[in-house]
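Atoms within a ligand are numbered from 1 in the order they appear, just like the ligands themselves.
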Amino acid sequence: MKVTVVGAGAVGASCAEYIAIKNFASEVVLLDIKEGYAEGKAMDLMQTASLNGFDTKITGSTSDYSKTANSDICVITSGIPRKPGMTREELIGINAGIVKSVSSDLIKHSPDTIIIVVSNPMDTMTYLVHKTTNLPKNRIIGMGGALDSARFKYRLAEALGAPISDVDGMVIGGHSDKGMVPLTRLATRNSVPVTEFISDERLNQVKEDTKVGGATLTGLLGTSAWYAPGAAVSGLVQAIACDQKKIYPCSTLLEGEYGLNDLCIGVPVVLGRNGIEKIVDISLNDAEKAHMQESAEGVSKTNGLLEL
Ligand code: NAI
């Protein structure tokens, strides 16, 4: 199993590290436009192999896409992250050009690959890959919901005073502060609805804290987060590589599901060796449907800024 990660910055390197530590891939290739950067990160990570007990071979290159040839999965994290006070949508100008050229170069060398898009604004970047490549829709996956759901579970556990492993919950919708749809109605603690344990008011606070989870960290760190994003990407990569058939909310092209068309947005999907093997169309209540509709309008508005 060969995985390429483009962008050896905060998220790319963290994702490569988690993939290596989980020890399911034979090879990870890191690529970064900054001269020597990917080689350096790869060498540093390889020097953790004997300490962390993995056999994954990690190599780095500046711009030699031939090194990525025949990758089973390619992850795109190249681009700029937001600074405090910025929205993800403001990154579109620079990141669209980067994502378009990177995806085209990757596919030239790995025509059968599955692409995972991480660069922001992620739903729009995922749509851009659809519009500018001829990959089938099951092989283009946007990562956002897996991270947002992890942040939701963190906030739920905090509110419940429960261990995170006892808590389950999912965030669908667009990967933006306003667009996220945390499904509080379906969140559970050991199969019991969380509404049995906390007030609606507290649950609303959990929802709001989840939606600004990325912005909160950007304010604290001065740039966007990397550990949880890297771990979330590695989870998606592992689900595909190991054909786990796990359900993650991912951004995917909708063609009528959830009453939506011609956009990529986060919905639950089954991930296996063929990428997105099924879109899970869960029934939403009226309020959730309205929130999803509003979220889709936001994503479509950002998509409208693309020069296709
Ligand atoms: P970073 O600045 O640490 O790393 C980005 C790397 O991309 C840099 O090292 C840069 O040299 C490289 N790069 C730029 N253009 C390139 C090109 N054409 N080819 C190869 N490499 C290139 O940024 P960070 O924090 O790793 O974030 C990366 C992206 O991921 C940002 O757009 C950020 O907003 C997004 N992000 C998305 C998340 C999600 O849930 N979808 C979560 C966190 C970040």
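Residue I80 has at least one N or O atom closer than 3.5 Å to an N or O atom of ligand 1. On a distance-only criterion, M143 and ligand 1 share at least one N/O pair closer than 3.5 Å. Between N95 and ligand 1, an N or O atom pair is found at a separation short of 3.5 Å. Taking distance alone, with nitrogen or oxygen atoms compared against 3.5 Å, A225 stays at or beyond that limit from ligand 1. Between D32 and ligand 1, an N or O atom pair is found at a separation short of 3.5 Å. Distances between N or O atoms of V6 and those of ligand 1 include no value under 3.5 Å. Remark: ligand 1 and V11 share an N or O pair separated by less than 3.5 Å (distance only, no angle test).
Rounded to the nearest 0.5 Å, atoms OG1 (T4) and NE2 (H109) are 10.5 Å apart. Between the OG1 atom in T77 and the CD1 atom in I116 there is a gap of 11.5 Å [rounded to 0.5 Å]. Put simply, CD1 on I265 and OG on S295 are 3.5 Å apart, with the number rounded to the nearest 0.5 Å. Between the OG atom in S224 and the CZ atom in R88 there is a gap of 8.5 Å [rounded to 0.5 Å]. Atom NZ of K100 and atom OG1 of T132 lie 6.5 Å apart (nearest 0.5 Å). With rounding to the nearest 0.5 angstrom, the CD atom of E277 is 8.0 Å from the CG atom of N138.
Contact annotation: the side chain of M143 never approaches that of C250 to less than 4.5 Å [non-hydrogen atoms, C-beta and beyond]. Proximity of I282 to P268: side-chain heavy atoms (C-beta onward) are separated by under 4.5 Å at one or more points. With a 4.5 Å cut-off on side-chain heavy atoms, N303 and L305 do not count as touching. Between I115 and I76, some side-chain heavy-atom pair lies under the 4.5 Å cut-off. In this structure, L160 and V167 have side chains that are in contact, with non-hydrogen atoms separated by less than 4.5 Å. By the 4.5 Å heavy-atom criterion applied to side chains, T126 and I141 are not counted as neighbours.
Scanning the protein heavy atoms around atom 40 (O) of ligand 1, the nearest turns out to be H175 NE2, 3.1 Å. Here the protein heavy atom with the shortest distance to atom 29 (C) of ligand 1 is T77 O, 3.4 Å. With hydrogens left out, the protein atom closest to atom 34 (O) of ligand 1 is N120 ND2, 2.9 Å, a heavy atom. The nearest heavy-atom contact from the protein to atom 14 (C) of ligand 1 is G79 N, 3.7 Å. Ranking protein heavy atoms by distance to atom 20 (C) of ligand 1, first place goes to I33 N, 3.4 Å. Among protein heavy atoms, atom 15 (N) of ligand 1 sits closest to I98 CD1, 3.6 Å. Here the protein heavy atom with the shortest distance to atom 4 (O) of ligand 1 is G9 CA, 3.3 Å. What sits closest to atom 37 (C) of ligand 1 on the protein, heavy atoms only, is V118 O, 3.0 Å.
Contact annotation: T223 has no heavy atom less than 4.0 Å from any atom of ligand 1. Ligand 1 lies less than 4.0 angstrom from a heavy atom belonging to Y37.
For ligand 1, the atoms closer than 4.0 angstrom to any heavy atom of L147 are 40 (O), 42 (C). The L91 neighbourhood of ligand 1 comprises atoms 34 (O), with distances under 4.0 Å to a heavy atom of that residue. Set against the non-hydrogen atoms of G7, the atoms of ligand 1 under 4.0 Å away are 7 (O).
If you check each of A10, G214, S119, P229 against atom 43 (C) of ligand 1, the one with the closest non-hydrogen atom is P229. The closest non-hydrogen atom to atom 27 (O) of ligand 1, taken over P121, A228, P81, S63, comes from P81.
Under the side chain to side chain contact (heavy atoms under 4.5 Å, CB included) rule, L135 has a single partner from I140, I114, D112, which is I140.
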